[in-house]
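Report on the structure given below.
Scope of the values below: all heavy atoms of this structure, side chains included, with no hydrogens, waters or symmetry mates. Chain letters run A, B, ... following the sequence lines, proteins first, then strands; residues in each count from 1.
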Amino acid sequence: MRFTPRGTRFFDLLADAAKNLVVATALLRELVAAEPAEREPIAKRLHEVEHQGDELTHTIMVELNSSFVTPFDREDIQALAAKIDDVLDFMDTAADLAVLYRIGTFPPGIDVLVRVLCRAAELTASSMPGLAKVGDLEPFWIEINELENEADRVYRRILAHLFEPGGDALEVLKTKEVVEQFELAADAFEHLADVVQTIAVKES
Amino acid sequence: MRFTPRGTRFFDLLADAAKNLVVATALLRELVAAEPAEREPIAKRLHEVEHQGDELTHTIMVELNSSFVTPFDREDIQALAAKIDDVLDFMDTAADLAVLYRIGTFPPGIDVLVRVLCRAAELTASSMPGLAKVGDLEPFWIEINELENEADRVYRRILAHLFEPGGDALEVLKTKEVVEQFELAADAFEHLADVVQTIAVKES
Amino acid sequence: MRFTPRGTRFFDLLADAAKNLVVATALLRELVAAEPAEREPIAKRLHEVEHQGDELTHTIMVELNSSFVTPFDREDIQALAAKIDDVLDFMDTAADLAVLYRIGTFPPGIDVLVRVLCRAAELTASSMPGLAKVGDLEPFWIEINELENEADRVYRRILAHLFEPGGDALEVLKTKEVVEQFELAADAFEHLADVVQTIAVKES
């Protein structure tokens with residue numbers, strides 16, 4: 001058994017980082033529902049959440065460097081923190097670009113994409129406290145994979161609609177850049193789930 | 001010697017997954033030669049092949065979780081299965097997007113790109129049964145790297161042609177999205193070859 | 001202590017590969033300052049530098065396969081060589097595409113992006129000889145992360161400017177393809193720094 005009381009500190013920190021994702025997706029939901037002029041303060045709050053995430057990642061790294069016993073291989077704990085960070089980064093970028101590129105209205109379907117991200121964040125937040133029994137997290141990585149597939153399907157439909165003849169190509173190009181960040185966030189959730197699955201395979 | 005009779009089961013499953021790639025590239029070749037109206041059934045067949053690939057990956061994971069002895073590190077076998085899956089995903093996406101975005105004619109050069117993917121798939125299918133002597137697979141990863149370089153060169157020429165003044169920007173944008181999937185499939189073959197090379201380095 | 005005289009050979013080779021990055025970024029700086037008609041010979045020289053990089057990577061791999069003792073895990077040395085290679089590849093691609101797509105003038109801000117890459121290359125070249133004490137390289141990975149953030153900020157501003165209404169969409173599309181390579185090179189520096197940090201975490 002490699003699980004030690006010492007290890008619970010890492011699980012607590014990773015669970016905190018995952019809770020941050022729920023806050024970030026709620027802000028993203030606000031962002032896509034807001035008028036263009038109201039988006040900047042929401043993007044700023046999301047950026048602060050991303051900054052808090054960076055600090056949590058830093059705490060995890062310091063802790064890793066000073067711990068003799070870790071519940072999993074050091075590089076796997078680092079990978080979990082890095083993947084949570086990636087999800088936050090894509091959501092922060094989505095909000096930043098929406099403001100910077102002065103997106104008019106988000107394309108139809110964006111609310112579905114955000115709903116998928118909200119579900120993935122909640123699922124991650126409720127699963128990270130269970131890392132001590134990583135083999136039991138199979139339902140987590142299976143549902144995250146399904147959510148990523150759904151995000152992908154919705155993203156393609158959004159693009160197909162944008163690409164319909166008659167649109168303004170420059171508008172389409174910049175809208176695509178922003179919506180792509182939502183899809184990359186869904187991908188990043190899947191990469192996080194892949195790390196969890198890899199740890200489970202190692203531990204089995 | 002870490003190779004055991006038990007291990008051959010993994011090599012058989014990975015060889016089956018690699019054979020699937022040959023079937024998928026043959027369908028891709030059919031797709032780019034077909035009239036737009038004939039593409040949907042081909043894309044559906046490709047999607048079924050992708051689904052069979054998913055099931056093979058699942059079988060490999062279940063096998064990994066129930067085996068005491070594995071021929072390589074568990075996470076390396078998982079990585080091989082995941083990379084083969086990635087190749088299939090990009091090919092499936094290429095076909096799906098071609099239908100969804102109602103691509104008119106594929107740009108000149110696409111047949112060369114598909115030929116490179118066909119060769120990469122055949123090479124992978126004929127090399128996976130040799131995983132037991134992974135150090136001997138150097139010709140595999142060298143040729144896959146050369147094929148990826150060729151795919152890259154062809155892809156850039158296709159784009160250069162699309163970007164020539166006078167084109168319809170929206171058409172260019174959506175065609176680029178589809179052709180990019182072919183190039184990403186070639187990249188994914190290279191990532192698969194990288195995993196094989198990494199295993200060989202570990203085992204040497 | 002896992003550091004052995006034998007190991008110094010790897011550090012020397014990786015330091016040589018990193019020096020190559022400094023040469024490449026100097027050529028990139030020349031490229032963006034040159035008239036369109038003068039770019040082809042610069043791109044060719046950059047391609048030769050990339051080719052020398054490939055040969056260094058090959059030497060590192062041969063050395064890895066014939067060494068009984070390595071200063072770090074074999075796959076980590078391989079990953080360092082691969083990441084340096086990635087940086088060079090993106091810079092080589094940037095130059096190749098600028099010529100192939102007949103880019104007119106580079107967009108404002110490109111000089112800032114190149115300056116960030118120059119600094120990242122110098123920092124990498126001066127840090128690689130210190131790999132023997134990898135734990136002391138924290139200032140390296142911290143600054144590379146800051147540089148990547150700066151590259152990202154500059155890249156987004158360049159795109160925001162390109163996306164302003166009234167531009168020619170096809171020109172914007174192809175310019176974006178080229179400038180993206182500069183940003184991907186900055187990303188690749190970060191991935192290199194991530195590997196260094198992961199090695200430090202393992203060794204701590």
Check your understanding: So which residues of residues 23-43 of chain A are in contact with chain C at a heavy-atom cut-off of under 4.5 Å?
Key -> none

Review point. Minimum heavy-atom separation for Asn65(A) to Ala200(C), with atom names?
Key: OD1-O, 4.4 Å

Check your understanding: What pairs meet the salt bridge (Lys or Arg N to Asp or Glu O under 4.0 Å) rule with one or both residues in residues 83-109 of chain A, with sequence neighbours excluded?
Key -> Asp96(A)-Arg156(C)

**Study point:** Spacing of CD1 belonging to Ile199(C) relative to CD belonging to Glu75(A), to within rounding of 0.5 Å
**Key:** 10.5 Å

Practice item. Measure the CZ-NZ distance between Arg74(A) and Lys202(C) for me, rounded to the nearest 0.5 Å. Key: 11.5 Å

Practice item. Check each atom of Leu100(A) against the heavy atoms of chain C and say whether the ones under 4.5 Å are side chain, backbone, both or neither. Key: both

Exercise for review: Using side chain to side chain contact (heavy atoms under 4.5 Å, CB included) as the criterion, list what pairs up with Ser126(A), not counting sequence neighbours.
Suggested key: none

Study note, to complete from the structure: Among residues 166-191 of chain C, residues within the sub-4.5 Å heavy-atom range of chain A, in order of number, are Gly166(C), Gly167(C), Ala169(C), Val172(C), Leu173(C), Lys176(C)

Exercise for review: Please look at Gln197(C) and chain A and tell me whether the side chain, the backbone, both or neither of the residue comes under 4.5 angstrom of a heavy atom of that chain.
Suggested key: both

